[in-house]
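As a basis for the values below, the full set of heavy atoms in this structure was taken, side chains included, without hydrogen atoms, waters or symmetry mates. Chain letters run A, B, ... following the sequence lines, proteins first and then strands; every chain starts at 1.
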Number of protein chains: 2
Amino acid sequence: MLLTDRQLLILQVIVDDFIRSAQPVGSRSLSKKEEISFSSATIRNEMSDLEDLGFIEKTHTSSGRVPSEKGYRYYVDHLLSPQVLNQQDVSIIQSIFAEKIFEFEKIIQRSAKILSDLTNYTSIVLGPAVSINKLKRIQIIPLNKETAVAIFVTDTGHVENRTFSIPASVDAGDLEKTVNILNDRLAGVPLDDLNDKIYKEVAMLLRQHIHNYDLMLHTIADSLKMPIHEKLFFGGKTNMLSQPEFHDISKIRSLLMMIDQEEWIYNLIRKNSAGIHVKIGRENNNRAMENCSLITATYSVGQEKLGTIAILGPTRMEYSRVISLLQFLSKDLTDVLTKLYQNN
Amino acid sequence: MLLTDRQLLILQVIVDDFIRSAQPVGSRSLSKKEEISFSSATIRNEMSDLEDLGFIEKTHTSSGRVPSEKGYRYYVDHLLSPQVLNQQDVSIIQSIFAEKIFEFEKIIQRSAKILSDLTNYTSIVLGPAVSINKLKRIQIIPLNKETAVAIFVTDTGHVENRTFSIPASVDAGDLEKTVNILNDRLAGVPLDDLNDKIYKEVAMLLRQHIHNYDLMLHTIADSLKMPIHEKLFFGGKTNMLSQPEFHDISKIRSLLMMIDQEEWIYNLIRKNSAGIHVKIGRENNNRAMENCSLITATYSVGQEKLGTIAILGPTRMEYSRVISLLQFLSKDLTDVLTKLYQNN
DNA sequence: GTTAGCACTCCTTGTTGCCGAGTGCTAATT
DNA sequence: AATTAGCACTCGGCAACAAGGAGTGCTAAC
């Protein structure tokens, strides 16, 4: 199972070539490469072995070879030559941060756009986890007799709002008192923990000050119940249409449908721990992604993981380049965010 | 140029048949239809005339006929038999309004989903025009020494927020005074007119009360400058992939790219006046939509047009059904919204 | 005015044959 | 023992061709 140096070389050249050309690569064309100094017959023997070991495949009996998923996996794990980004790519990525930034979402959106433009694949960016942000302030603004909107501002400037109906028994004074209590008790609490805290600490206080406190309590707790989903941003959703492996409409269809079905992507991307992760083909456990690879990286504030950036491309994707790009952007995002939010 | 009854009949049957089958229709298959009592030779003569008049076309010399854009146009304008929705469709549409509704966006989103499911085309819904909503309340919440977030709540419960940097010369007291002045002067003003009003009325007041008022003024006015874009919602973006006329990847590609390029759609849809509008093929003035038709309807609160719902399908689309669906949903949306917001 | 009949056109489908790129195997070479 | 040259074989892709079918336009008869 240990590959010889020559086998490694051949595997690497096959993968590189196939990534470039999307054509099965044959022994003769390999033998002409600079890196390779032995004859096509030798290569044929080696390729036959590599095929037995499962690293490459034939598309039909007398065709050239194509990397298998196992082949890509080995390539990614052992053969990848870390590529240095060229100056142009670097400056394009840095242009994301050129303007003054208040709305973090804008940065995220721009990142998605630029990633997809740079790679010609589909980019996916998972927005910053709102739920770990800390509450800065709650406001309740009555719209009319029956409804009001509750506004939650986090220390990062993110704003969530929920409309709810005001319990009949509650009057304007009650509302104001409630808001004061909430702000008093909940400022600095991560959004995730609000619900908990409301029942544990705020409930008591409300009871002391508000007539009919429990309806109010539940109304507010309910507003907070809906999970605050991180937003997903996409770039170049249609880029996959240009990839030769997706000449087949039904493949495209299932892939695009899956992308539009954000839930799937969300789960696929969210759980990743820090660092670069490469999922190849069926490793993604999804029919629609059989011919796709997904590379993800995370960005953080300080030590705290905030969100994810990812590239979805064909298995035949430029792993080396994409990894470099993601690494670079992820670091930049982290730096900027850390500077921006660290010491609030 | 006036068509005989028989020509009208033939045109109608051709369009109907082609919409159903997507196959060019020939004289013989026409002659077999129930509605038609004359021979294929007669039909051939009539079809030849209809072709000369530009209502139908051949795909090649000896093929059956296919409606031209002019043919569709005539069909839509004169031959459409208004279709009554079946009970199932009706109840599916009404299910949109089943739950209690606070967030209007949810309704809009659900509408888009259901429209596309029902038709198997792509649905586009333009969210309610925020800019005509009236300001209910402004809040400014400082995040730290340098930045604050301004929150604008409309009488419909919509919340807009902008982060800005606090001018160095402004202190907490100034901020509070500013907010009070703003709320005092701007409550009830449509968001569209805020900027105007700020310079005309608020500026003076600010000058009287706030040190260094003009920086504050510009900061706030700037936040409001970015146009408040109505949001676009889509349903069934990938539905077009199942249409036989889009077997060609490059067509799909340009169409999907145009859809993702929301600006285009926005302009296409926004300007429509009330009522149903049908744009066929090149009437949309867009290469990517050459084989598409766009049917739009508007929804309102009372007399005031709020937004648009639309279906994008192949020119060979079920005009009658789609028009009925849009009419029905548009009326329902209007009713619900009017009831909800009319007398605030 | 309508229709039956017929020649003609063009798309579609299937067949065939051929070329080129590639393989696997064997035997010769290093 | 490893490498290579040589050769027979396989398969996809392409072009050429034929047959069949759906449709048309035209003419002449009804």
Side-chain angles (χ1 to χ4, degrees), chain A residues 2-11 13-18 20-68 71 244-245 247-248, chain B residues 2-11 13-18 20-68 71 244-245 247-248:
Chain A
L2 259 185
L3 300 182
T4 66
D5 283 355
R6 195 165 66 188
Q7 284 174 322
L8 291 183
L9 175 61
I10 290 178
L11 177 56
V13 177
I14 289 178
V15 178
D16 281 336
D17 194 71
F18 185 69
R20 211 181 29 74
S21 70
Q23 299 298 327
V25 359
S27 56
R28 217 178 107 71
S29 71
L30 272 188
S31 72
K32 284 187 197 145
K33 302 241 166 204
E34 269 191 6
E35 311 93 297
I36 286 180
S37 50
F38 25 91
S39 77
S40 65
T42 309
I43 296 174
R44 277 201 290 283
N45 291 329
E46 296 286 29
M47 293 212 295
S48 179
D49 292 348
L50 282 172
E51 185 175 5
D52 289 345
L53 292 170
F55 292 104
I56 53 181
E57 296 167 341
K58 287 190 275 198
T59 60
H60 59 88
T61 21
S62 71
S63 76
R65 303 306 209 293
V66 156
S68 67
E245 32 268 279
H247 265 318
D248 178 3
Chain B
L2 260 186
L3 300 182
T4 66
D5 282 355
R6 195 165 64 189
Q7 285 174 321
L8 291 183
L9 175 60
I10 291 178
L11 178 56
V13 178
I14 289 177
V15 178
D16 281 337
D17 194 71
F18 185 68
R20 210 180 30 74
S21 70
Q23 298 299 326
V25 359
S27 57
R28 216 176 110 72
S29 71
L30 273 189
S31 72
K32 282 187 198 147
K33 301 240 165 202
E34 268 192 7
E35 311 92 297
I36 284 179
S37 52
F38 24 90
S39 75
S40 65
T42 309
I43 296 173
R44 278 202 288 283
N45 290 329
E46 296 286 28
M47 292 215 294
S48 179
D49 291 349
L50 282 171
E51 184 174 7
D52 289 344
L53 292 170
F55 291 104
I56 54 182
E57 298 168 342
K58 287 190 277 200
T59 60
H60 60 86
T61 21
S62 72
S63 78
R65 302 306 209 292
V66 156
S68 66
E245 32 269 277
H247 265 317
D248 179 5

Exercise for the section: Round to a whole Å and report the spacing from CZ of A:Phe18 to P of C:dG22. Expected result: 13 Å

Problem - Pairing residues for B:Thr42 by the side-chain hydrogen bond (donor to acceptor under 3.5 Å, both in side chains) criterion, not counting sequence neighbours - result: B:Ser39

Practice task
Compare every heavy atom of B:Phe18 with every heavy atom of B:Pro67, then report the nearest pair and how far apart it is.
Solution key: CD-CD2, 3.5 Å

Practice task
Under the side chain to side chain contact (heavy atoms under 4.5 Å, CB included) rule, collect the residues that match up with B:Asp17, sequence neighbours excluded.
Solution key: B:Arg20, B:Ser21, B:Val25, B:Lys33

Completion exercise
residues 36-50 of chain B vs salt bridge (charged side-chain N to carboxylate O under 4.0 Å, His left out), sequence neighbours excluded, gives B:Arg6-B:Glu46

Exercise for the section: Could you check how far CG of B:Asp49 sits from C1' of C:dT2, rounded to whole Å? Expected result: 14 Å

Problem - Partners passing side chain to side chain contact (heavy atoms under 4.5 Å, CB included) against A:Asp248 (at least two apart in sequence or in another chain) - result: A:Ser250, A:Lys251

Problem - Among A:Leu8, A:Ile14, A:Val13, the one residue meeting side chain to side chain contact (heavy atoms under 4.5 Å, CB included) with A:Ile10 - result: A:Ile14

Completion exercise
Expected list for residues 31-48 of chain A near DNA chain C, using heavy atoms below 4.0 Å, is A:Arg44, A:Met47

Give every donor-acceptor pair under 3.5 Å between a side-chain atom in residues 52-61 of chain B and any protein atom, sequence neighbours left out.
residue: B:Lys58; atom: NZ; partner: B:Thr61; partner atom: O; Å: 3.4
residue: B:Thr59; atom: OG1; partner: B:Ser63; partner atom: OG; Å: 3.0
residue: B:His60; atom: ND1; partner: B:Ser62; partner atom: N; Å: 3.4

Practice task
May I ask you to list the residues of residues 20-28 of chain B, by number, that have any heavy atom positioned under 4.0 Å from an atom of DNA chain D?
Solution key: B:Gly26, B:Ser27

Fill in the blank from the handout: Heavy atoms of A:Ser40 and A:Ser31 approach each other most closely as N-CB, 3.9 Å

Completion exercise
Ranking B:Thr59 and B:Arg6 by the position along DNA chain C of their nearest nucleotide, the one closer to 5' is B:Arg6

Practice task
Using the test side-chain hydrogen bond (donor to acceptor under 3.5 Å, both in side chains), find all partners of B:Gln23 that sit at least two apart in sequence or belong to another chain.
Solution key: none

Problem - First-last contacting nucleotides on DNA chain D - partner chain A, under 4.0 angstrom, heavy atom - result: D:dT3 to D:dG12

Exercise for the section: Check whether any side-chain heavy atom of B:Leu9 lies under 4.5 Å from a side-chain heavy atom of B:Asp5, and answer yes or no. Expected result: no

